Amino acid sequence: MNSSHSSAAPRSPHTFRTVFPVLALCWLAVFFDGMDVNIYGAVMPHMLDDSGLGLTPATAGTIGSWTTFGMLIGALTAGNLTDWLGRRLMLVASVTLFSLGSAICAVAPGVGLFGAGRFVAGLGLGGLMPLCLAMVMEFAPPRRAALTTGLLMTSYHFGGMAATGLGLTLAPAAGWRWVFWAGVLPALVAVPLLLKLLPESPGVLLAHGEHAKADAVADRYGLPRPTEVAAPAAGAAGRLAAIRALFRPESRWATPLLWLASFSGLLLVYGVSTWLPQMMRASGYGLNSSISFLMVINAGGIVGLLITGRAADRFGAVRVSAIWFVLTAAGALLLKSQLPLGVTYAVVAVTGVFLFSAQVMVYAATNTVYRDSERAAGLGWVTGIGRTGAVVGPWLIGVLATNGNQSWGFTTFALAGLVGAVAIALVPLARRIGRSDAPATPAPVAATAGLS
């Protein structure tokens with residue numbers, strides 16, 4: 001009876017306009033994510049100058065790694081908690097956690113509590129990104145997944161620019177602690193909006209047995225109604241089955257390559273976000289110019305994502321990601337040279353065009369490797385394993401800075417770009433090898449459904 005009633009209900013067209021509320025809310029959440037991630041890099045020079053805090057370059061790098069270690073745990077556990085709470089409530093929990101972490105940082109008397117605050121913030125930040133990506137990919141209009149992902153990720157860089165603006169204005173005027181107090185805003189602004197306006201994923205609703213609600217949400221936003229095979233399986237057994245599905249013959253070689261590309265990309269993203277101002281300051285640039293570079297590279301990131309989404313929809317996310325990684329490596333090597341200030345700004349902006357987009361297209365490439373039933377798990381693990389690169393990046397540059405070798409940081413970024421390029425470029429070959437290894441006989445329907 002519910003089925004006949006639902007089928008009679010009018011369906012919305014599946015366009016950007018119909019799914020705009022979902023995209024806008026995820027955009028807002030990721031904006032605050034980008035602001036929180038970049039706040040630390042934007043105020044680090046001021047914190048290093050604060051003798052009462054006791055922050056050193058080595059400690060600064062370690063704390064940057066605590067943040068990303070929290071992200072690693074958050075990314076890997078978000079999927080399990082989503083089984084119980086759903087994506088909507090998990091997004092709310094993630095935003096609340098990183099706002100709480102920012103409040104702890106604002107009141108921390110020393111580096112110990114400050115590091116704990118960054119770890120708590122990392123727990124929320126790590127869970128938020130894969131959830132928003134999965135939501136946006138599920139609601140994206142047909143054949144527009146890469147473009148929609150790119151549009152979503154522009155918010156990260158607008159958030160980074162907001163953090164840099166706070167570092168340039170609020171930190172000198174009122175002190176670096178007030179910048180972290182600004183990081184509490186997400187709990188006050190985004191959480192009420194997410195609770196009131198964000199729908200639950202139809203796939204998650206179906207996995208929870210709420211068929212009528214799943215159909216209603218799909219009809220309202222113009223999505224295809226979810227089927228059992230497209231719904232993520234719940235429970236520990238379902239999570240293990242989802243992980244095993246990532247290594248089925250068709251994707252078992254592509255999966256580790258996606259992980260390596262994500263490792264390299266996130267090492268770049270978080271290494272640059274944490275250390276670029278201090279590295280440029282150590283290279284002889286002034287304090288304000290050094291912090292401004294973080295805003296410029298994020299501005300380049302916005303331009304890059306607007307270009308890259310369309311390019312990937314036309315030429316493929318894998319090809320674009322590989323080229324972008326190579327161009328990022330070239331930009332990092334140029335920044336190692338002592339260039340005039342205007343030229344340096346231009347190089348930083350152009351590098352930002354490619355650096356962040358290369359990593360985002362790794363996420364978009366998962367769409368070509370995994371089936372609908374594996375997408376959330378695939379994204380979760382690509383981002384989660386990639387977070388080890390996010391842990392290594394800030395720590396490694398901190399070690400180099402302690403030994404007075406900040407310039408080697410640019411070489412490290414260039415090597416990471418080349419490794420990422422090779423890894424993502426090999427994904428199509430890995431898929432072809434996987435398909436040749438796959439059994440010729442199709443799997444029984446029951447077995448296929450069991451992997452969902």
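These numbers were taken from a predicted model, which means no experiment stands behind them. Sequential numbering from 1 along the given sequence is applied to the chain's residues.
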(request) Might you work through the side chain to side chain contact (heavy atoms under 4.5 Å, CB included) test for Leu195 and Arg88, ending with a clear yes or no? (result) CA-CA 8 Å; Leu195 285 172; Arg88 176 171 163 273; 4.2 Å; yes
(request) Could you please spell out the steps behind the side chain to side chain contact (heavy atoms under 4.5 Å, CB included) verdict for Phe413 and Ile397? (result) CA-CA 10 Å; Phe413 293 151; Ile397 305 304; 4.0 Å; yes
(request) Show your working on side chain to side chain contact (heavy atoms under 4.5 Å, CB included) between Leu305 and Val360 and close with a plain yes or no. (result) CA-CA 8 Å; Leu305 288 168; Val360 172; 3.8 Å; yes
(message) Could you go through Trp381 and Leu258, starting from their C-alpha distance and side-chain angles, then the distance that decides it, and tell me whether this counts as side chain to side chain contact (heavy atoms under 4.5 Å, CB included)?
(response) CA-CA 9 Å; Trp381 280 88; Leu258 287 170; over 6 Å; no
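To the nearest 0.5 angstrom, Ile297 atom CD1 is 7.0 Å from Leu335 atom CG. Note that CD1 of Ile291 is 10.0 Å distant from OG1 of Thr169, once rounded to the nearest 0.5 Å. Met279 CE to Lys336 NZ: the interatomic distance, rounded to the nearest 0.5 Å, is 10.0 Å. Here the straight-line distance linking atom CZ of Phe20 with atom CG of Leu25 works out to 9.0 Å at 0.5 Å rounding. With rounding to the nearest 0.5 Å, the separation of CG in Leu188 from CG in Leu193 is 11.5 Å. Atoms CG and CE, on Leu266 and Met71 in that order, are 9.0 Å from each other to the nearest 0.5 Å.
Among all heavy-atom pairs drawn from Met44 and Gln278, the shortest one is SD-CB, 4.3 Å. Minimum interatomic distance between Ser99 and Pro186 (heavy atoms only, all atoms of both residues): OG-CB, 3.3 Å. Smallest separation of non-hydrogen atoms from Val179 and Ile39: O-CD1, 3.7 Å. Contact between Arg118 and Val37 at its shortest, heavy atoms only, is NH2-O, 4.0 Å. The heavy-atom pair separating Ser321 from Ala358 by the smallest distance is OG-O, 2.9 Å. Residues Ala317 and Ala365 share a closest heavy-atom pair of CB-N, 3.9 Å.
Around CZ of Phe119, the count of heavy atoms belonging to other residues, nucleotides or ligands within 6.0 Å exceeds 12. For Trp66, the CH2 atom sits in a packed shell: over 12 heavy atoms of surrounding residues, nucleotides or ligands are nearer than 6.0 Å.
The ring pair (Phe, Tyr, Trp, His ring centres under 6.0 Å) analysis of residues 303-326, with sequence neighbours excluded, yields the pairs Trp324-Phe354. Sorted by first and then second residue, the side-chain hydrogen bond (donor to acceptor under 3.5 Å, both in side chains) pairs involving residues 342-360 (not counting sequence neighbours) are Ser262-Gln359, Tyr285-Thr344, Thr308-Ser357, Gln359-Tyr363.
The backbone N or O of Gly64 sits less than 3.5 Å from a side-chain atom of Thr68, completing a donor-acceptor pair. A donor-acceptor contact shorter than 3.5 Å links the side chain of Thr67 to the backbone of Ile63. Using modelled atom types, one side-chain atom of Ser264 and one backbone atom of Leu260 make a donor-acceptor pair closer than 3.5 Å. In this structure a side-chain-to-backbone donor-acceptor pair under 3.5 Å is missing from Ser65 to Pro394.
The shortest side-chain heavy-atom distance between Leu294 and Met280 does not fall under the 4.5 Å cut-off. Within the 4.5 Å cutoff, side-chain heavy atoms of Val92 are placed close to those of Thr96. At least one side-chain heavy atom of Phe180 sits less than 4.5 Å from a side-chain heavy atom of Val43. The closest side-chain heavy-atom distance from Pro199 to Phe139 is below 4.5 Å. Inter-residue side-chain proximity for Leu306 and Leu151 is flagged as met; some heavy-atom pair is nearer than 4.5 Å. Between Asn298 and Phe356, the closest side-chain pair of non-hydrogen atoms falls below 4.5 Å. Looking at heavy atoms from C-beta onward, Val120 lies in side-chain contact with Leu97 at the 4.5 angstrom threshold. Leu257 places none of its side-chain heavy atoms less than 4.5 Å from the side chain of Ile424.
No close placement of the Tyr270 and Tyr40 rings is indicated, their centers lying 6.0 Å or farther apart.
The one candidate from Phe32, Phe158, Tyr156 that meets the ring-ring contact (aromatic ring centres under 6.0 Å, His included) condition with Trp27 is Phe158.
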